[in-house]
Peer 1: 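Okay, handing you the structure first.
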Amino acid sequence: MITEILAWLTDPANWRGEGGILVQTWLHLLYSLLAVGAAVLVAVPLGLYIGHTGRGSVFVVGFSNAMRALPTLGLVILLAMVFRGSAALAALVVLAIPAVLSGTYSGVRAVPAHTVDAARGMGMTSGQRLWKVELPNALPLLMGGVRNAMLQVMATTAVAAYVGLGGLGQILISGQQTGAYERMAGAAILIALLAVLTDLALAGFTRLLVPRGVLLAAAKSGTRSRWRR
């Protein structure tokens with residue numbers, strides 16, 4: 001079986017054309033990036049607001065748990081009936097939002113109280129404390145939420161193939177229909193490899209984005225819950 005999988009992966013004919021590995025891998029990556037990007041645009045501002053004001057924290061917990069309980073395939077089919085071609089992408093956005101929202105909210109709430117109090121004592125306004133103190137300190141957990149969302153979306157983007165959007169899931173489904181198990185296993189390996197490489201890229205981006213002092217402080221003292229306001 002391993003020999004057959006390697007033969008399928010190394011056959012140049014399987015990498016060319018619209019249904020080839022290169023095109024389908026690009027579509028898989030594109031759908032994942034678009035879904036997580038849209039989730040970031042929605043969830044980060046909402047998480048910052050809830051974490052900064054403390055209003056709606058119950059909503060974050062309830063919404064996140066409710067979204068994680070939804071079956072992925074059922075959600076895709078439901079949205080396919082409503083949004084047609086963009087159904088799978090909309091479903092992936094919905095699935096990515098809880099991880100990003102929870103990461104952003106937790107990041108803001110985990111900023112040490114004495115740090116925020118010091119900023120308040122310096123005369124910073126509420127907005128200045130959010131953008132200059134809370135957001136930079138929340139970046140490690142915020143980016144952790146983005147990485148979790150990307151891994152989840154990358155793993156479930158295969159479902160997009162059921163509504164005709166393509167991606168590596170299309171190769172997996174066609175292999176199932178024809179009984180080509182080496183094709184199915186090869187597609188699964190490519191999905192896992194793509195997820196690992198994307199996570200490594202996001203880890204590198206996190207190191208560039210987060211201030212070095214915040215990284216050192218987090219490594220030294222660990223993340224602590226903040227109880228204030």
Side-chain angles (χ1 to χ4, degrees), residues 1-40 68 70-80 83-100 103 140 143-210:
M1 187 64 184
I2 295 177
T3 304
E4 294 174 351
I5 296 172
L6 290 176
W8 182 81
L9 286 172
T10 56
D11 186 351
N14 293 328
W15 290 78
R16 296 192 293 264
E18 293 185 359
I21 294 174
L22 283 178
V23 172
Q24 298 306 321
T25 300
W26 164 245
L27 288 176
H28 200 102
L29 180 62
L30 179 63
Y31 293 151
S32 300
L33 292 176
L34 288 175
V36 175
V40 167
R68 288 183 177 125
L70 286 177
T72 304
L73 182 58
L75 183 62
V76 168
I77 293 175
L78 174 63
L79 293 177
F83 296 105
R84 302 290 178 180
S86 59
L89 192 57
L92 294 175
V93 173
V94 172
L95 290 174
I97 284 177
V100 180
M143 288 304 300
V146 173
R147 290 174 63 184
N148 287 336
M150 180 61 77
L151 285 176
Q152 183 180 3
V153 169
M154 192 70 73
T156 55
T157 296
V159 177
Y162 281 101
V163 292
L165 286 187
L168 289 171
Q170 184 62 49
I171 298 176
L172 198 153
I173 291 174
S174 63
Q176 183 183 27
Q177 292 172 342
T178 59
Y181 297 111
E182 74 283 359
R183 190 179 177 89
M184 296 174 59
I189 291 173
L190 290 172
I191 292 172
L193 183 61
L194 187 62
V196 171
L197 292 177
T198 305
D199 187 58
L200 289 175
L202 283 175
F205 179 69
T206 300
R207 292 187 65 84
L208 294 176
L209 183 65
V210 178

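Each residue takes its place number in the sequence, starting with 1.
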Peer 1: Supply the atom-to-atom distance M143 CE to M150 CE, rounded to the nearest 0.5 angstrom.
Peer 2: 9.0 Å
Peer 1: To the nearest 0.5 Å, how far apart are OG1 in T25 and CH2 in W15?
Peer 2: 6.0 Å
Peer 1: So, for A155 and I191, which heavy atoms are closest and what is the spacing to 0.1 Å?
Peer 2: CA-CG2, 4.5 Å
Peer 1: So do E4 and Y181 actually touch side chain to side chain, heavy atoms under 4.5 Å?
Peer 2: no
Peer 1: Please name the pair of heavy atoms, one in M184 and one in L172, separated by the smallest distance, quoted to 0.1 Å.
Peer 2: CG-O, 3.5 Å
Peer 1: Using every non-hydrogen atom in the two residues, find where A38 and V93 come nearest and quote the distance to one decimal.
Peer 2: CB-CG2, 3.8 Å
Peer 1: Check the pair L6, E182 against side chain to side chain contact (heavy atoms under 4.5 Å, CB included), reporting the backbone distance first and the verdict last.
Peer 2: CA-CA 8 Å; L6 290 176; E182 74 283 359; over 6 Å; no
Peer 1: Hey, are the side chains of L190 and Q24 touching, using non-hydrogen atoms and a 4.5 Å cut-off?
Peer 2: no
Peer 1: Hey, does R147 have a side-chain heavy atom less than 4.5 Å from the side chain of T198?
Peer 2: no
Peer 1: Is W8 close to I171 at the side-chain level, that is, under 4.5 Å between some pair of heavy atoms?
Peer 2: yes
Peer 1: Taking the side chain as everything from C-beta on, heavy atoms only, tell me whether L9 gets closer than 4.5 Å to N14.
Peer 2: no
Peer 1: At their closest point, which heavy atom of A96 faces which heavy atom of A149, and how far apart are they?
Peer 2: O-CB, 3.7 Å
Peer 1: For R183 and G175, which heavy atoms make the closest approach, and how far apart are they?
Peer 2: CD-CA, 3.7 Å
Peer 1: Might you point out which heavy atoms bring A185 and I5 nearest each other, and give the distance in Å?
Peer 2: CB-CD1, 3.4 Å
Peer 1: Would you say L92 and Q152 make side-chain contact, with heavy atoms under 4.5 Å?
Peer 2: no
